[in-house]
Amino acid sequence: MATDFDNPVRREQTCSVKFDARKAVFGRDDVMPLWVADMDFAAPAAVSQALEARARHPVYGYTLFPDSLYQSTIDWFADRHGWAIEREWILMAPGVVPSLHAACLAFAGAGEGVIIQPPVYPPFFSSVRQTGRTVIENPLRETEGHYHMDLAHLETCASREDARVLVLCSPHNPVGRVWREQELQQVLDIARRHQLVVLSDEIHCDLVYPDKPRHHVLARLAGPDDALITAVAPSKTFNMPGLGLSALVVPDPARRQALKAVFDSMHMSQCNPFSITGFEAGYRHGAPWLEELLPYLQANRDFVAERLRSRLPEIAVTEPEGCYLLWLDCRALALPDAEHKRFFIEEAGIGMNPGITFGDAGRGFMRMNIGCPRAVLAEALERMERALSARFR
């Protein structure tokens with residue numbers, strides 16, 4: 001292995017949200033941070049080298065999006081996902097979360113409905129509410145630790161007179177599902193029947209475990225008349241979300257212009273030269289690093305799952321198919337949600353995301369980030385075991 005993912009990278013005092021915001025978020029700065037969805041691994045060397053080379057030019061002025069940036073995206077998705085993207089379909093965007101807001105503003109009127117599928121990434125809720133739209137919840141269904149879409153209920157949600165947009169999380173954060181082709185075809189059928197615009201957030205699409213079914217890009221299954229927007233970025237793939245650049249792939253010119261108009265109205269059309277450089281370097285040169293990362297993450301996943309089964313049976317885990325996040329089922333502890341968070345902070349010394357922040361469907365769960373050296377996970381599990389023994393055994 002050329003990359004040593006076991007080698008810790010010190011992130012304290014780098015203005016890291018994950019590390020340096022611990023006091024503000026958890027009330028103490030000594031918890032093990034297993035929360036924010038970035039990894040504790042150095043980005044691919046090719047990305048760092050490209051950024052260093054750009055920094056050596058001493059002028060950091062307003063910057064255009066070069067043709068090579070678009071081509072790197074086209075090439076990556078053709079090679080990695082078998083998806084043929086046309087150059088004119090791509091609209092560069094200042095991140096996926098701003099894109100969620102833009103889609104709400106562009107395709108739903110004030111008070112109209114946007115369908116989301118909780119438990120889901122919190123900005124799915126806030127992007128709808130903060131833009132004055134109405135959240136329509138189509139909760140995922142859990143059967144013996146396996147999550148699936150409630151498609152009959154989705155049909156009901158889509159049939160509402162005020163429903164305008166469906167926001168799909170694929171792969172799903174936090175439950176880690178990689179949706180199957182048949183599921184996605186059914187989603188498209190429902191969207192067609194009810195004339196929904198679908199925004200498919202596929203930012204985690206490259207992070208699928210080697211032993212699980214492959215990711216299906218929704219757009220590859222869609223027809224030319226489907227109202228579909230796909231959000232992608234190299235930020236999660238190559239661990240550089242702080243660079244803040246993503247892309248929207250929008251085949252329909254009118255919808256593409258509608259999104260562009262929202263961004264232009266907020267003067268969000270420019271991006272900094274380092275975001276552009278990192279984005280292109282990741283897609284052009286990051287594949288070998290990713291091929292090393294995925295087995296390491298799989299081994300992390302299996303390490304935590306086995307330890308929970310053998311030594312912490314009070315906590316179950318939904319084994320993810322994608323993403324570097326574990327959805328821990330702590331309902332057997334029978335604690336209120338606020339007490340869940342307090343228990344893991346104060347008694348275990350671990351900072352994780354409470355499941356309730358992902359919607360009511362997340363009650364009794366915690367989200368654990370396993371994108372870190374395995375020794376960190378070993379220490380976190382030891383802390384968890386000691387805390388559980390002291391409180392419950």
Side-chain angles (χ1 to χ4, degrees), residues 81 83 96 100 103-104 107-108 112-125 127-128 133-205 208 212-232 249 251 255 318-323 325 327 329 355 358-365:
H81 298 281
W83 180 24
V96 171
L100 298 176
C104 292
F107 305 118
E112 291 185 326
V114 178
I115 302 169
I116 62 174
Q117 297 176 311
V120 72
Y121 182 47
F124 279 44
F125 291 92
S127 63
V128 179
R133 277 59 182 164
T134 299
V135 171
I136 302 175
E137 294 193 26
N138 169 228
L140 301 181
R141 296 302 179 198
E142 178 205 357
T143 305
E144 297 180 348
H146 177 81
Y147 282 88
H148 60 276
M149 295 189 210
D150 187 339
L151 292 165
H153 184 256
L154 177 59
E155 184 89 47
T156 300
C157 293
S159 67
R160 285 178 43 158
E161 288 187 4
D162 65 335
R164 296 290 180 267
V165 179
L166 166 64
V167 184
L168 182 71
C169 195
S170 178
H172 193 279
N173 172 13
V175 307
R177 269 301 311 276
V178 173
W179 305 116
R180 305 299 188 265
E181 183 174 352
Q182 182 180 7
E183 293 172 297
L184 295 173
Q185 288 285 11
Q186 290 173 290
V187 168
L188 285 171
D189 289 342
I190 291 170
R192 289 168 187 144
R193 281 194 292 274
H194 300 283
Q195 299 182 313
L196 294 177
V197 175
V198 180
L199 189 151
S200 186
D201 172 7
E202 305 195 21
I203 194 172
H204 291 276
C205 67
V208 174
K212 297 299 180 182
R214 71 182 182 89
H215 173 78
H216 292 280
V217 174
L218 183 63
R220 288 191 66 238
L221 310 177
D225 297 325
D226 285 320
L228 180 60
I229 299 145
T230 309
V232 297
V249 183
R255 295 188 187 94
T318 300
E319 184 177 279
E321 299 168 337
C323 311
L325 306 163
W327 191 233
D329 184 351
F358 298 85
D360 286 342
R363 290 186 181 278
F365 288 80

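Taking the side chain as every heavy atom from C-beta outward, L325 and N173 approach each other to under 4.5 Å. Side-chain contact check for I115 versus V165: every heavy-atom pair is 4.5 Å or farther apart. At least one side-chain heavy atom of L154 sits less than 4.5 Å from a side-chain heavy atom of V187. Taking the side chain as every heavy atom from C-beta outward, F124 and V114 never approach each other to under 4.5 Å. Side-chain atoms of V167 and L100, non-hydrogen and from C-beta on, do get closer than 4.5 Å to each other.
Note: R220 CZ to T230 OG1 = 12.0 Å, rounded to the nearest 0.5 Å. Atom CD of Q117 and atom CE of M149 lie 5.0 Å apart (nearest 0.5 Å). Note that the CG atom of L151 and the CD atom of Q186 stand 5.0 Å from one another [nearest 0.5 Å]. One distance of note links NE2 of H215 with SG of C205; it measures 5.0 Å at 0.5 Å rounding. One distance of note links SG of C157 with CG of N138; it measures 5.0 Å at 0.5 Å rounding. Atom CD1 of I190 is separated from atom OG1 of T156 by 9.0 Å, given to the nearest 0.5 angstrom.
The two residues V135 and F125 make their nearest non-hydrogen contact at CG2-O, 4.0 Å. A158 and A163 make their closest contact through O-CB, 3.9 Å (heavy atoms, listed as atom of the first residue, atom of the second, distance). When every heavy atom of V178 is checked against every heavy atom of R214, the shortest pair comes out as CG1-O, 3.6 Å. The heavy-atom pair separating L228 from S200 by the smallest distance is CD1-CB, 4.4 Å. Heavy-atom minimum distance, E319 versus K212: OE2-NZ, 2.7 Å. Of all non-hydrogen atoms in R141 and D150, the two that sit nearest each other are NE-OD2, 2.9 Å.
In this structure, W179 contributes its side chain and C169 its backbone to a donor-acceptor pair below 3.5 Å. The closest donor-acceptor contact from the side chain of R133 to the backbone of G113 lies at 3.5 Å or more, if one exists at all. No donor-acceptor pair under 3.5 Å is formed between the side chain of E137 and the backbone N or O of P119.
The salt bridge (charged side-chain N to carboxylate O under 4.0 Å, His left out) check on R192 picks up D189, D226, with sequence neighbours excluded. In this structure, the salt bridge (charged side-chain N to carboxylate O under 4.0 Å, His left out) partners of R164, at least two apart in sequence or on a different chain, are E112.
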Q: Please lay out, stage by stage, how T134 and V128 fare under the test side-chain contact (heavy atoms from CB on, under 4.5 Å).
A: CA-CA 6 Å; T134 299; V128 179; 5.6 Å; no
Q | Trace of the side-chain contact (heavy atoms from CB on, under 4.5 Å) decision for L168 with L199 | A | CA-CA 6 Å; L168 182 71; L199 189 151; over 6 Å; no
Q) Under the side-chain hydrogen bond (donor to acceptor under 3.5 Å, both in side chains) criterion, do H194 and E155 qualify, and how do the steps go? A) CA-CA 8 Å; H194 300 283; E155 184 89 47; 2.5 Å; yes
Q) Under the side-chain hydrogen bond (donor to acceptor under 3.5 Å, both in side chains) criterion, do E142 and H148 qualify, and how do the steps go? A) CA-CA 7 Å; E142 178 205 357; H148 60 276; over 6 Å; no
**Q.** salt bridge (Lys or Arg N to Asp or Glu O under 4.0 Å) evaluation trace for E321 with R180
**A.** CA-CA 11 Å; E321 299 168 337; R180 305 299 188 265; 2.9 Å; yes
(Q) Between L188 and L221, does the side-chain contact (heavy atoms from CB on, under 4.5 Å) criterion hold? Intermediate values first, please. (A) CA-CA 8 Å; L188 285 171; L221 310 177; 3.9 Å; yes
Q) Going through the checks in order, is the side-chain contact (heavy atoms from CB on, under 4.5 Å) test met by H146 and R177? A) CA-CA 9 Å; H146 177 81; R177 269 301 311 276; 3.5 Å; yes
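Counting non-hydrogen atoms of neighbouring residues, nucleotides and ligands closer than 6.0 angstrom, the OH atom of Y121 reaches no more than 12 such neighbours.
Note: W327 and F365 have parallel aromatic rings, judged against thresholds of 30 and 60 degrees for the angle between ring planes.
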